[in-house]
Amino acid sequence: MFDITESKATAKKLRLSENTYRGIINSLNDAIYILNKEACFVDVNLAAEKLYGYKKENFIGKNPGFLSAPGLNDMDDTIKQIGSAYEGISGRFEFWGLRKDGSIFLKEVSLSPGMWFDQKVVIAVGREMTERKRIEESLKISEEKYRMLVQYSSDPIFSFNPDESYRFVNDAFATPFGKKPHDIIGKTPYDIFPAEEAEKRLR
């Protein structure tokens, strides 16, 4: 006779397992994509849905090509990297995504081999880079402005490395000695000044 009690207990455990798994991946801020051997999606989390503007059912059974900004990604290489991750070789690459609303954005994708309910899969984690790129560009501009201010200041400015060699000197420091900054950087005061003067400068 079929034991319906055992069957119900097994079904309950399965639901609890699925609910726990769903709760975990949906609590993550990064977009999570689960792909099979054919590089097709078998699952995604809420963050992936929000990132692209599609519901989970729009992902299932498709490969990442439908999410690719036209002409900006090497899809052959992307599929190849997913295949390598399936075989156990983790990877990382940048990917230009195309949202449902037509907007394009840059994200970083990391690939790792994994298991999904006893099925061998690739776990892809995607993180949007648009804001990070903007911050990096702003920082680069800020650093360039700082460098220009220091380099062309009328006051001598310099800094030392831990080994007492010059890490940086500006034009105002180097010019009185008939030198260019690159003639001094990497050298110690002893390479440029008499010993007594070098000791004084180091003190």
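Since we're looking at a predicted model, the values are computed, not measured.
D30 CG to I25 CD1: the interatomic distance, rounded to the nearest 0.5 Å, is 12.5 Å.
In this structure, Y166 has its ring center closer than 6.0 angstrom to the ring center of F160.
In this structure, D43 and R22 have side chains that are in contact, with non-hydrogen atoms separated by less than 4.5 Å. Side-chain contact check for P64 versus N73: every heavy-atom pair is 4.5 Å or farther apart. Side-chain atoms of Y54 and R99, non-hydrogen and from C-beta on, never get closer than 4.5 Å to each other. Contact annotation: the side chain of R92 never approaches that of S112 to less than 4.5 Å [non-hydrogen atoms, C-beta and beyond]. With a 4.5 Å cut-off on side-chain heavy atoms, T78 and M75 count as touching.
Grouping the Ile, Leu, Val, Met, Phe, Trp and Tyr side chains by contacts below 4.5 angstrom, directly or via other members, places F93 with L67. The hydrophobic clustering, which links ILVMFWY residues whose side-chain heavy atoms are closer than 4.5 Å, places I79 and I60 apart. Both V42 and L28 belong to a common hydrophobic cluster when Ile, Leu, Val, Met, Phe, Trp and Tyr are linked at side-chain heavy-atom distances under 4.5 angstrom. By the criterion of side-chain heavy atoms lying less than 4.5 angstrom apart, applied directly or through intervening Ile, Leu, Val, Met, Phe, Trp or Tyr residues, L35 is not grouped with L46; the two fall into different hydrophobic clusters. Both V44 and F66 sit in one connected hydrophobic cluster of ILVMFWY residues. Membership requires side-chain heavy atoms under 4.5 Å apart, directly or through other members.
Taking K55 as the reference, E49, E57, N58 meet the side-chain contact (heavy atoms from CB on, under 4.5 Å) condition, with sequence neighbours excluded.
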Name every donor-acceptor pair, under 3.5 Å, that has one atom in a side chain of residues 171-181 and the other anywhere in the protein, sequence neighbours excluded.
{"unit_1": "D171", "atom_1": "OD1", "unit_2": "Q151", "atom_2": "NE2", "d": "3.1"}
{"unit_1": "D171", "atom_1": "OD2", "unit_2": "Q151", "atom_2": "NE2", "d": "3.4"}
{"unit_1": "T175", "atom_1": "OG1", "unit_2": "D171", "atom_2": "O", "d": "2.7"}

Show me, pair by pair, the donor-acceptor contacts under 3.5 angstrom made by side chains of residues 114-122, not counting sequence neighbours?
{"unit_1": "W116", "atom_1": "NE1", "unit_2": "Y21", "atom_2": "OH", "d": "2.9"}
{"unit_1": "K120", "atom_1": "NZ", "unit_2": "Y86", "atom_2": "O", "d": "3.3"}

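In this structure a side-chain-to-backbone donor-acceptor pair under 3.5 Å is missing from N63 to A39.
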